[in-house]
2 protein chains.
Amino acid sequence: MLTQTAVRNASWKKTASGTVPPAPQPQTGPLDLMGAQMSFPRNAEIYGEGEAADYIYRVVSGAVRTYKVLADGRRQVGGFYLPGDMFGLEPGDEHTFSAEAIAESKVLVIKRSAVMALAERDGEVARQLWNLTGRELSRVQDHILLLIKSAHERVATFLLEMAERESAGNAVDLPMSRQDIADYLGLTIETVSRTLSHMESLATIEVPSSRRIVLRNRAALSRLNA
Amino acid sequence: MLTQTAVRNASWKKTASGTVPPAPQPQTGPLDLMGAQMSFPRNAEIYGEGEAADYIYRVVSGAVRTYKVLADGRRQVGGFYLPGDMFGLEPGDEHTFSAEAIAESKVLVIKRSAVMALAERDGEVARQLWNLTGRELSRVQDHILLLIKSAHERVATFLLEMAERESAGNAVDLPMSRQDIADYLGLTIETVSRTLSHMESLATIEVPSSRRIVLRNRAALSRLNA
DNA sequence: CGACCATTTGATATGGATCAAGCGATGTGG
DNA sequence: CCACATCGCTTGATCCATATCAAATGGTCG
């Protein structure tokens, strides 16, 4: 079920399947052709933890974070999803994380039951779904490796990861706040900020504005990538 | 491909499908009927990181750990697998972690290609494989949540998890060493040991021998479970 | 222009790591 | 069968990376 917030903010629009997403993933195939596009303003909830996972999603523009809040208020960001990325495909039938738009975002919403029915008949689709879960799995495994590293290593790994995903030369445009980054890396906002400042002082990166980071010395970052 | 160590230590034995594993998982179905049983001595490698994922595995007796070693020698244990658990099913065709027997173990080894062929024809099997990956995914997601907690919380969570999986009253028999636990929890062996001692001093647990832990106050542990 | 929010920077505190012994169980050779 | 080596674990002392608390700065929007 879509969330109240989500529904409230929704601007439905049947999409002619001709719409080309900014950075399409190679591995999506028939899933491209399904679903309806919705818009979410900054910080709008797309779905909440514990809700029925009736839909799966694909980012068209903007960016999405998934997260979980622990009993005492600590928040862990599970992942960031950029244009072309699919998210919300859960093994069980409840979402285990919540999802929010980081910035104004357009998201393709696909009925899970439709996809499942399709997978039933078409082995190729089934394989694709499995693949998707598999990718997610290795992403999460990498995240674990990240969380045992030092603060410098975590930030370096994060920057390299973002650079790779955006692949816009050496400049990385971060859609997310320092708080989002901190909660993703398991650090405090202060530590993230200090680490970036330190890297800048070493000329490893440049930070022309807080959301824009230029990688000046990838080798140094890779060395930290451990 | 099976590892040198693995092959060297292997004692192949075609298993009459009548062999009943100690704690069968409910969700395995047809996969039960396939594969051959192998024995691995303590600390034997079952497969190595980067090897072709030609087989999937199911613990019959004993226990298995999967792990990854970072460039600088730090080791992260990805998970522990107890009798009935499947492991080694990777999305890609290379193992992303290594696997070793923690204690003398019997493992059912199943040819991946055979399972895939079966899944091709039988949607039920395909769904089961997907499910397996999904379970693994949520296990790993939980692991991430673990890694952002305090040492006490991590240990408490670990003990409750093990107690649940073994479900032998309040006594937990740990097949793994303190080092294994430490590497799973992202702590040092000293911190794990100290934390257990501290919990014992609070009468939350009893540690009659280093591998045996009795939960005396689950409520206190759950409170730490955050 | 002023208020607000995000970010940076500074000072201090602290949880867990590191370094270093000590201890107990297990096994081996004499 | 005992002495001793070994290994896994515990305990102690100290250090350090990162958290926490606090304030200053900067950027954005009405």
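In the text below, chain A, chain B and the rest are named by the order of the sequence lines, each starting its count at 1.
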Subject >> Salt-bridge present (Arg194(A), Glu190(A); N to O < 4.0 Å) >> reply: no
Rounded to whole Å, the CD-C1' distance (Gln179(B) to dT18(C)) equals 14 Å
Note to self: Categorize Ser209(A) for me: base, sugar-phosphate, or nothing, with a 4.0 angstrom heavy-atom threshold over every strand shown.
What the structure shows: nothing
note: Glu153(A), atom CD; dT18(D), atom C1'; distance rounded to Å ~ 14 Å
Testing dT7(C), dG8(D), dT18(D) for proximity to the side chain of Ser210(A), the answer is dT7(C)
**Prompt:** Salt bridge check: are Arg75(B) and Asp180(B) linked by an N-O gap of less than 4.0 Å?
**Reply:** yes
To the nearest angstrom, the NZ-P distance between Lys149(A) and dG16(C) comes to 22 Å
Among dA19(D), dA17(C), dT20(D), the one nearest any side-chain atom of Thr191(A) is dA19(D)
*Can you find an N or O donor on one side and an acceptor on the other, under 3.5 Å apart, linking the side chain of Arg212(A) with the base of dT7(C)?*
no
Among the nucleotides dT7(C), dT10(D), dA13(D), whichever has the atom closest to the side chain of Arg178(A) is dT7(C)
Are Phe80(B) and Tyr184(B), when compared by the centres of their aromatic rings, separated by less than 6.0 Å? yes
Ranking dG16(C), dT8(C), dT11(D) by distance to the side chain of Ser193(A), first place goes to dT8(C)
The answer to which of Arg42(B) and Ser197(B) contacts DNA chain D further toward the 5' end, by nearest nucleotide, is Arg42(B)
Practice task
Could you tell me whether Thr188(A) contacts a base, only the sugar-phosphate backbone, or nothing, with contacts defined as non-hydrogen atoms closer than 4.0 Å?
Solution key: base
Exercise. Under 4.0 angstrom, heavy atoms only, what part of the nucleic acid is Leu196(A) near: base, sugar-phosphate, or nothing?
Worked result: nothing
Rounded to whole Å, CE of Met199(B) lies from P of dT10(D) at a distance of 13 Å
- Message: I'd like to know if Glu153(A) pairs up with Arg74(B) as an ion pair, taking the criterion as any Lys NZ or Arg NE/NH1/NH2 lying under 4.0 Å from an Asp or Glu carboxylate oxygen.
- Response: yes
Would you indicate what Arg211(A) reaches in the nucleic acid, counting non-hydrogen atoms under 4.0 angstrom: base, sugar-phosphate, or nothing? sugar-phosphate
Rounded to whole Å, the NE2-P distance (His198(B) to dG15(C)) equals 11 Å
Next item on the list: Please state whether the base of dG12(D) and the side chain of Arg194(B) form at least one donor-acceptor pair under 3.5 Å?
Entry: yes
Whole-Å distance, Ile148(A) CD1 to dT18(D) P, equals 13 Å
Any salt bridge linking Arg65(A) with Asp183(A)? Criterion: basic side-chain nitrogen under 4.0 Å from a carboxylate oxygen. no
Ignoring hydrogens and angles, tell me if any N or O in the side chain of Glu166(A) forms a donor-acceptor pair with the backbone of Ala163(A) under 3.5 Å.
-> no
Rounded to whole Å, CG of Leu224(B) lies from P of dG15(C) at a distance of 14 Å
Checking dT7(C), dG10(C), dC9(D) against the side chain of Ile189(A) (C-beta onward), the nearest is dT7(C)
With the side chain defined as heavy atoms from C-beta on, Ser150(B) is closest, among dT18(D), dG16(C), dT8(C), to dG16(C)
In whole angstroms, the gap separating P of dT14(C) from NE2 of His152(B) amounts to 16 Å
Of dA20(C), dT9(C), dT18(D), the nucleotide closest to the side chain of Glu190(B) is dA20(C)
